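The next block holds one structure in the form of C-alpha cells; read it before the comments.
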Number of protein chains: 2
Amino acid sequence: MSQTVDRALSILPLLAQGPADLGQVADRLGVHKSTALRLLRTLHEHGLVYRQEDQRYRLGARLFALAQEAVENLDVREIAHPHLVALNERIGHTVHLAVHEEGEVLYIDKVESRYPVRMYSRIGKPVAITVAAVAKLLLADLPEAERRAVAEKLDYPTYTSRSTPNAAAFLTELATVREQGWATDLGGHEESINCIGAPIHGADGRVVAAMSVSAPNVVVTAEELLTLLPQVRRTAEAISREYSGTAPNTPSAQGSSDDR
Amino acid sequence: MSQTVDRALSILPLLAQGPADLGQVADRLGVHKSTALRLLRTLHEHGLVYRQEDQRYRLGARLFALAQEAVENLDVREIAHPHLVALNERIGHTVHLAVHEEGEVLYIDKVESRYPVRMYSRIGKPVAITVAAVAKLLLADLPEAERRAVAEKLDYPTYTSRSTPNAAAFLTELATVREQGWATDLGGHEESINCIGAPIHGADGRVVAAMSVSAPNVVVTAEELLTLLPQVRRTAEAISREYSGTAPNTPSAQGSSDDR
DNA sequence: AATGGGTGTTGCAGATGTTGCAACGCCGTC
DNA sequence: GACGGCGTTGCAACATCTGCAACACCCATT
C-alpha cells in the first residue's frame, strides 16, 4: 500500500539470507542505488540493519530485540511454558508449542532435555505445514471454506514416503484430526521422527495454539509414543483451562495443575 | 532520511510495548489516522504486524522468522576472521576460534604467524575439552544443570601434571571462568604451551564461540602471555559487537574496529 | 605514479507517491 | 433512534521520493 515502506521492508527478508552490499540490494529490489541507499540508511537509523566492517549490510540487533519482545508478549506461551516443562520432565522427549498466524505455523516455544531455550533451534521457524502434527491441529480448526482454500494453495513436498501427498489427502487428514481432537506425524517430515500433538483452546472454543511431543524411532516406537497421548492431551487441556480462565486460577501453587 | 519509512518503523517499538489501536498509533506518531492506517497495512502485508481479534495491532510473528533466519545464516568464522588476522599480526602468536557442538568443542579457524590457514592442522578437530581455554569458555556458559551433567560424563586424561584432574576441579574452574570472563590453559595440554582465551557473545548474550591465543613457553612465559589478555578480550568484544549487530549509533565514520 | 574499474555518496529537478481532509459505513451505547 | 467512537475510502494538493549524473574514494593494475 505504501510503495516506499514496501520496498524498505522487502530488504529485510533479503538480508536475512545473508549480508549484501548496496548494489546487490538495489538490483534485487529493482531500484536505483541511491534509492536503496536511502532506504538502508533509514533502516539503519532504526537499528534494523547493521553495517559490517566490509560495508555490507546485515540484519541488526534491534530486530532481534523486537522479535524477543514480540514472542514474550504472546501470552499463550507464557501460560503454557510451565506446563510444557512439567510434561517434558515426566516423559523426557522434546515438547513444542506452535501458533497459526497469517498462513504460517510457527514454533514459539520448545523444551528439550530439561533445557529451556529461547530463540534457539527451531523456535521462530515456520513448520512443515502439510505434515507437522501442530500444523494439522491448527488448520483443522479453520472454517471449512478457509480450510479448503488453504489446502489448495499449499505445496506438498515429499519429505518422506509418508508425507501428505496432496490437498485431498490433507483435507481428509484434517477432518480426522478435527474429529478426534489430536494429531500425529509419523515419519512424515523426517523418516525416523514421530510426533503426537494436541490442541489448546481459548475461551470461545477456538484453537489458539497447539503442542506436540517428538521422539526419534530409535528411542521409542510409534506405538510407544502413542501411549503418551493421554498425558499430552491432559497437558493441553490444563493449558486451555488456564488460558481461557476456566481454571482454578491459583496464581501461586502451580503444583496443583492436573497435567500429570 | 526517508520520512515514510521512518514513520512506519517507529510503529514497531511502539507496538513492542503492547497492542494498540489505530487511533493510538496515529496519535503517538503525530500523523493522521488514514496515514497510520496505510503504514500499518504495509507492515501487515510484510507480516511484521499482526491484527488481533479485537482489531488492535501487535508485533507479528514474521519478526521471529526473520531473526531466526538471520542468526542461522550468520557465520561466526566469516565475521571473526579479519579480527583474528589483525590480532595475529600484532602479537604474532597462533590464534584459534572454536565452537561448541553436540558435546564437542571444535576449532573452526586458526591463524598462525601470517599464515592464514584453512583446512590445515587442527581445524575441524575436537579440542582437549577438559583443559583447553576455549572449551572452558564454551562450557562455562551452559546452564548449571547441564554443565554439571557434562562434567560428570567426561574423561579427564592426564596430559600433563597440570591437566584438570576430575569433574569437581573442572566445575570449579568453569565457575571461575564464568565469573571472570576469560580463561587460560597453562601447560594443561602440552607441558610447554600456554593459552589465554575470551568468549564471543551473540545478541542474546549467550556464548556462541570462543577464541584463544597460544604460545610456547620458550617464546613467552605465562606471565608475558597474560599481559596480552586485554588485547585478546578487546578483540573478542569487537567480534561480539559485530556478530550481534550492535551498531555504533554514529551513522557515519565510526572509524573501524577497536580491537587494537 | 598514473590509470582504470569498482564501490558508495551527494545535489537536484521532475514527478510520483504520500498526505490530511472530509465524508462514509459500521457498531455499540445512551 | 440518535449519538459518539472507530476504521475505512476517494481525492486534490503538495511534499516527498525517485532516478540521474557527477563526484569521491579505494583498490588493483600498468
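By convention in this document, chain letters (A, B, ...) are assigned in the order of the sequence lines, proteins followed by strands, and residues within each chain are numbered from 1. Just so we're clear, the structure is a prediction, and the values are computed from it rather than from any experiment.
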Report task. Output yes when B:R206 and B:D204 qualify as a salt bridge under the 4.0 Å nitrogen-oxygen rule, no when they do not. Result ->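 Between B:D204 and B:R206 there is no salt bridge, as every charged N stays at least 4.0 Å from the carboxylate O atoms.
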ask   = Just how far, in rounded Å, is P of D:dC14 from NE2 of B:H32?
value =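 After rounding, the reported distance stands at 17 Å.
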Rounding to an integer number of Å, can you tell me how far A:L29 CG sits from D:dC17 C1'?
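Those two atoms, CG and C1', are 14 Å apart.
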Check for a donor-acceptor pair, side chain of [X] on one end and backbone N or O of [Y] on the other, with a separation under 3.5 Å.
X: A:S212; Y: A:V134; answer: no
X: B:D109; Y: B:A98; answer: no
X: A:Q180; Y: A:W182; answer: yes

Nucleic acid contacts - residues 33-42 of chain B versus DNA chain C, non-hydrogen atoms under 4.0 Å: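 Nucleic-acid contacts, sorted: B:S34, B:T35, B:R38.
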For this session: List in numerical order all residues of residues 5-23 of chain A for which some heavy atom is under 4.0 Å away from an atom belonging to DNA chain D.
Result: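 Result for residues 5-23 of chain A: A:R7, sorted by number.
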Q.
Let me check the geometry of the helix from C:dA1-D:dT30 to C:dC30-D:dG1. What is the bend angle between the axes at its two ends, five pairs each, to 10°?
A.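 End-to-end axis angle for the helix from C:dA1-D:dT30 to C:dC30-D:dG1: 30°, rounded to 10°.
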Discussion item. For A:T172, give me all partners under side-chain contact (heavy atoms from CB on, under 4.5 Å), at least two apart in sequence or on another chain.
Written reply: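 For A:T172, no residue satisfies side-chain contact (heavy atoms from CB on, under 4.5 Å) once neighbours in sequence are set aside.
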Where chain A begins and ends its contact with DNA chain C, read 5' to 3' at 4.0 Å from heavy atoms
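Result: C:dG8 to C:dT18.
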Please table the atom pairs, donor to acceptor, closer than 3.5 Å between any side-chain atom in residues 11-27 of chain B and protein atoms at least two apart or in another chain.
from: B:Q17; atom 1: OE1; to: B:R28; atom 2: NH2; distance (Å): 3.4
from: B:D21; atom 1: OD1; to: B:G23; atom 2: N; distance (Å): 3.2
from: B:D21; atom 1: OD1; to: B:Q24; atom 2: N; distance (Å): 2.9
from: B:Q24; atom 1: OE1; to: B:D21; atom 2: N; distance (Å): 2.9

